[in-house]
K.L.:
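Have a look at this one before I ask anything.
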Amino acid sequence: MDLLLHPIPRTPTTLSAEDLLARRRAVLQGLASCFSMSEIRQYHSQLIRLGLSSDNDAAGRLLRFCAISPAGDLLYALRLFQRLPNPDPFIFNTLFHSPFLSSPLLIYTQMLLRSVHPNQFTFPSLFKSLSSVCDPRSLSAGRQVHAHVFKLGFHSDSFSQNNLISFYFSCVIPADARQVFDKMPHRSVIAWTTMVGGLCDLGFVEEARNLFDEMPERNSVTWNAMISGYVRNGSYLQALRLFDLMREEGFELEKFTAASLLAACAGLCALEQGRWIHRYIERNGIEVDTKLATTIIDMYCKCGCLEKAYDVFNSLPTKGISSWNSMIGGLATHGRGEEAIKLFGEMEKEMVPPDDITLTNLLSACAHVGFVDQGRKLFDRMVLAHGINPKMEHFGCLVDLYGRAGRLREAEKVIDEMPMEPDASVLGALLGACRIHGNVDLGERIGKRVVELDPKNSGRYVLLANLYAIAGRLEDAANARRLMDDRGVKKETGRSMIEKDCVINEFVAGDKAHPEAREIYDMVDEMLQRIRRHGYVPDTGGGLQDIDEEENPLCYHCEKLAIAFGLMKTKQGETMRICKNLRVCRDCHEASKLISLTYEREIIVRDRNRFHHFKGGQCSCNDYCDHVRFDLPSITMTTSDIFKIKNKSLHRVHISTPNSSKSEHGSLQVQYDAAVKIMLIKNPKF
DNA sequence: GTAGGGTTAG
C-alpha cells in the first residue's frame, strides 16, 4: 500500500514531549544511514505515526534521499513535497539538486507562487538543473531566472554567477557566458576556470588558451582544465607541452592532471611518457581509483602494450565496469577476439553486469577477427540476457561484422530492419565493406547516402572514389573527388608518429622537414632494397591505388619514413611502435611484414581502426583488415581517356608506370602511349 | 539541522 496516498492514521500517542523529541532524534539519525527506498518507507511511516509528516526538517531528509540518491525515487519525493503545507527553501533546493528532475522551472514557479524566498543555494542548483535538462525551452527559462538573480540581489553571489556561466555554455551560447563573466564584480579563479573549461567544451581551444594566459591566478584545477581541454579537442601535443610549463611554474602532478596526460599519451601512442606518468603515480602514492585505473589501462592498450594493460587490470582489487570495458576494448582493437570473449566470460562469472559499451567492444572484437556467428549470437542475446537495448553503434558493429566477412546482403538486411534511421557510421561500415569486397553497385548506392549524411568528412568521399577507382570507373572516381573539392572539404593528411626519448617524431609522406630527413630517406631506400630480395613487389605500379595517400609516391609513405626512423633509433630486439591517423595501406602493410622478417624486429602499428603487430613476416590481423580482398580488374585506357579524366581532376588517382603491371596483387594496369608516359613522369601530379 | 561553483575513463 502506498503510504503517501493512504497515510496511516495517526495512533493516539501518550508520548511526553521529551520522548517525542528523543524518538524524532532517533528517526532522523536512522535516516542518515538509509540506503534503500524500503528503509525510507519505514522511516516515513514512523514519522507519520509521530505526527511529524509535515515537519520540514524530517521531510527534507526523506526527500533528499528520494530526490538525489541513485537508489531513490523522484516521484516519491514529489508526492512528499506536494503534501508539505509549508515547504522551506531547503526543500525546493533539494529538488533542484535532483539529477532526475525534468522540469526544474515548474518547481521554481511553485516556489514563487508559494512565496518561498530563494536563498543563496537556490540559483546554483537551479542553473545546474536547467543545464542538465535536454529541453530547448531551458534557454528561455534560464534567461528568466537570470533576471530573477538580479532582481533578488544575487548578482554578486559568485556561486550563482559561476553556475550561470556554466548554464550558458551548456546552451552553447559562449557570448552570454562571457558577458556574465565580464560583468562579475569579483572574478574568482573558479570563474576563470569555468570559462576555460566551457570554451574548451565548445571547441574554442585557442580562446580558452588566451584566457588561461591572462589569468591573474592559477591553481592545479585551472591547469588541468586547460590540459584536459586540449585532450578533449585532440590537441595532445599541446597538452603535453602545457604540462611542461606547469612543472616549470612549480606545480606538482596530481590525480586529475595525470589522468588527462595519460589520455594525451594514449592519443599519441606515447608509451614512454605514459609509462613515466604511471610510474609517477605509483611512486607518489596518487590514489588509483576506478576511473584513473581505466585511464591507465586504456593508455597501455592504445600504446600497443596489452600485457602491461593486463598487469594493471589484474592488480586492481576491485574492478569497475569501465575497467572491464577498456580491457575488452583493448583486446578487440588488437585483434585478440577470442581473449576478449574469454574475459567477458570471467566478467559474467564475477557477476558484473555488462553495459552497452561492453557489448559494443565485444561486437567489435568479433568483427575484427571474423567471428560472425558468435557476434550475431551476442547481439541477439543483448536484450534478453543483459537487458540492453541495441543502440546505433551496436547496429554499426553488426553491419561491420557481416560486411568485413563479405556477407553484404546480411549487412544490408541489418540496415533495412533496424528500428532507427541508420547514421553515417552505420552506412559507412557497409560502404567500407563494399570497397573491401568490390561490390560497386551496392557501394555506390550507400556511398552517395553517406556522403550526403556526413558531407564534411573527407574519408567518405575518398572511400567512394576508391571504390569507383578499383572498379575501373575512373570518371566517377574523379567526380567523387571533385565533389569533395567543390565543397571545400580537405582530405586529411596521412601522418605517422613514433616516439623516441619522450619526443614524438611525426612524418608526412614525402615530407623532408625532419632534421634527419636525409638519413631517413636513405634508410627507406636501403630498407626497400633489402625486402625486395625477400620478394617485395611495390604496389605502386598497378595504376589505381587502393590507398589514402595517393598524392605521394608509395615508397616514401609516412609509415615507411617512421619505420626507417625506428630502425635507425632502436636496438635489435626492441619493439617499434607507430601510430597512424589513417588506415594502413596495402603496400605499407606488405612492406612492414617483410621488414619485420628481414630486420628481425617487431613492429606494432596502430591505425585508424585497429592494431597490426608485425613479426617474423606475419601480421596479427592475418590480413583480415581494410584491404581489398579481390583481384582488381585490368582496364585499358587510351590517351584521350586519360585527358578526359585529367580534366575532371583525376590527377589525384594514381596512374602507374608500365613496369608495375607485374604486380602480384592484380592492380589495375594502365596502358598509354609514349607521349602520355613522358608527361606522367615529368608531372607527377598528373 | 540540512546544501552550492571549476578538473579524470569506455
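Lettering follows sequence order; numbering is per chain, from 1. Keep in mind it's a predicted model, so treat the numbers as computed, not measured.
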K.L.:
For dT8(B) and R232(A) - does any side-chain N or O of the residue sit under 4.0 Å from the phosphate oxygens OP1/OP2?
P.N.:
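Checking dT8(B) against R232(A), a side-chain N or O does come within under 4.0 Å of OP1 or OP2.
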K.L.:
Write down the distance between CG (L95(A)) and P (dA3(B)), rounded to a whole number of angstrom.
P.N.:
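Computing the L95(A):CG to dA3(B):P distance gives 16 Å.
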K.L.:
Would the distance check show the side chain of S132(A) and the main-chain N or O of S129(A) forming a donor-acceptor pair, the cut-off being under 3.5 Å?
P.N.:
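Yes.
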K.L.:
Please work out whether the ring planes of F313(A) and W324(A) are parallel, tilted or perpendicular, with thresholds of 30° and 60°.
P.N.:
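Plane angle over 60°, so perpendicular.
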K.L.:
Side chain of S158(A), heavy atoms from C-beta onward: which of dT2(B), dG5(B), dT7(B) has the nearest atom to it?
P.N.:
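The answer is dG5(B), which lies nearest to the side chain.
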K.L.:
State whether K302(A) places a side-chain N or O below 4.0 Å from either non-bridging phosphate oxygen (OP1 or OP2) of dG10(B).
P.N.:
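K302(A) to dG10(B) OP1/OP2: side-chain N or O found under 4.0 Å.
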K.L.:
Please tell me which of the listed nucleotides, dG10(B), dT2(B), dA9(B), lies nearest to the side chain of N325(A)?
P.N.:
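The answer is dG10(B), which lies nearest to the side chain.
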K.L.:
Considering only side-chain heavy atoms of Q120(A), which listed nucleotide, dG4(B), dA3(B), dG6(B), is closest?
P.N.:
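Output: dG4(B).
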K.L.:
Take atom CD1 of I286(A) and atom C1' of dT7(B), then tell me their distance rounded to the nearest Å.
P.N.:
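The distance from CD1 of I286(A) to C1' of dT7(B) comes to 14 Å, rounded to the nearest Å.
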K.L.:
Under 4.0 angstrom, heavy atoms only, what part of the nucleic acid is L292(A) near: base, sugar-phosphate, or nothing?
P.N.:
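The residue L292(A) makes no contact with any strand.
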K.L.:
What is the distance from CD1 of I165(A) to P of dG5(B), rounded to the nearest Å?
P.N.:
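Distance check: I165(A) CD1 to dG5(B) P gives 15 Å.
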K.L.:
Using a heavy-atom cut-off of under 4.0 Å over every strand shown, decide if N219(A) touches base, sugar-phosphate, or nothing.
P.N.:
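N219(A): base contact, heavy atoms under 4.0 Å.
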K.L.:
For dT7(B), does OP1 or OP2 lie under 4.0 Å from any side-chain N or O of K255(A)?
P.N.:
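K255(A) to dT7(B) OP1/OP2: no side-chain N or O under 4.0 Å.
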K.L.:
List for me each residue that meets side-chain hydrogen bond (donor to acceptor under 3.5 Å, both in side chains) alongside N314(A), sequence neighbours excluded, and say none if there are none.
P.N.:
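Per chain and number, N314(A) pairs via side-chain hydrogen bond (donor to acceptor under 3.5 Å, both in side chains) with no residue.
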K.L.:
Looking at dA3(B), dG6(B), dT8(B), which one has an atom nearest to any side-chain atom of N119(A)?
P.N.:
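My answer, after comparing the listed nucleotides, is dA3(B).
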K.L.:
Quick check for you: among dG4(B), dG1(B), dG6(B), whose closest atom lies nearest to any side-chain atom of R61(A)?
P.N.:
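The listed nucleotide nearest to R61(A)'s side chain is dG1(B).
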K.L.:
Does dT8(B) have its OP1 or OP2 closer than 4.0 Å to a side-chain nitrogen or oxygen of S228(A)?
P.N.:
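Affirmative; the distance criterion is met.
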K.L.:
A quick test of your reading: do over 12 heavy atoms of other residues, nucleotides or ligands sit less than 6.0 Å from CD of E338(A)?
P.N.:
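Not more than 12 within 6.0 Å, no.
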K.L.:
State which of dT8(B), dG10(B), dA3(B) makes the closest approach to the side chain of A259(A).
P.N.:
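In terms of side-chain proximity for A259(A), the closest of dT8(B), dG10(B), dA3(B) is dT8(B).
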K.L.:
Going by modelled atom types, is there a donor-acceptor pair between the base of dA9(B) and the side chain of T295(A) at under 3.5 Å?
P.N.:
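Flag unset: no donor-acceptor pair detected.
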K.L.:
Name the closest nucleotide to the R64(A) side chain, picking from dG10(B), dA3(B), dG5(B).
P.N.:
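From the listed options, dA3(B) comes nearest.
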K.L.:
Please determine, for the side chain of T194(A), which listed nucleotide (dG6(B), dT2(B), dG4(B)) has the closest atom?
P.N.:
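When the side chain of T194(A) is considered, dG6(B) is the closest of dG6(B), dT2(B), dG4(B).
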K.L.:
Grab the CG-P distance between L21(A) and dG1(B) for me, whole Å please.
P.N.:
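So the two atoms are 10 Å apart, to the nearest Å.
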K.L.:
Just the rounded figure in Å: distance from P of dA9(B) to CG of L262(A).
P.N.:
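Spelled out: CG on L262(A) to P on dA9(B) is 11 Å.
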K.L.:
Using 4.0 Å as the upper bound for N to carboxylate O, is an ion pair formed by D57(A) and R61(A)?
P.N.:
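Yes.
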K.L.:
When we call it a touch if two heavy atoms are under 4.0 Å apart, what does D57(A) touch: a base, just sugar-phosphate, or nothing?
P.N.:
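Here D57(A) touches the bases of the nucleic acid.
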K.L.:
Select base, sugar-phosphate, or nothing to describe what N163(A) touches, counting heavy atoms under 4.0 Å on all strands.
P.N.:
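Sugar-phosphate only.
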K.L.:
Assign D157(A) to base, sugar-phosphate, or nothing according to its heavy-atom contacts below 4.0 angstrom with the strands shown.
P.N.:
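Result for D157(A) = base.
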K.L.:
Report which part of the nucleic acid T122(A) touches: base, sugar-phosphate, or nothing (heavy-atom distance under 4.0 Å, all strands).
P.N.:
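Since no nucleic acid heavy atom lies under 4.0 Å of T122(A), the category is nothing.
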K.L.:
Within the structure shown, what part of the strands sits under 4.0 Å from T94(A) by heavy-atom distance: base, sugar-phosphate, or nothing?
P.N.:
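Nothing, no nucleic acid heavy atom in range.
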K.L.:
Can you measure L242(A) atom CG to dT7(B) atom P for me and round it to whole angstrom units?
P.N.:
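In whole Å, dT7(B) P lies 16 Å from L242(A) CG.
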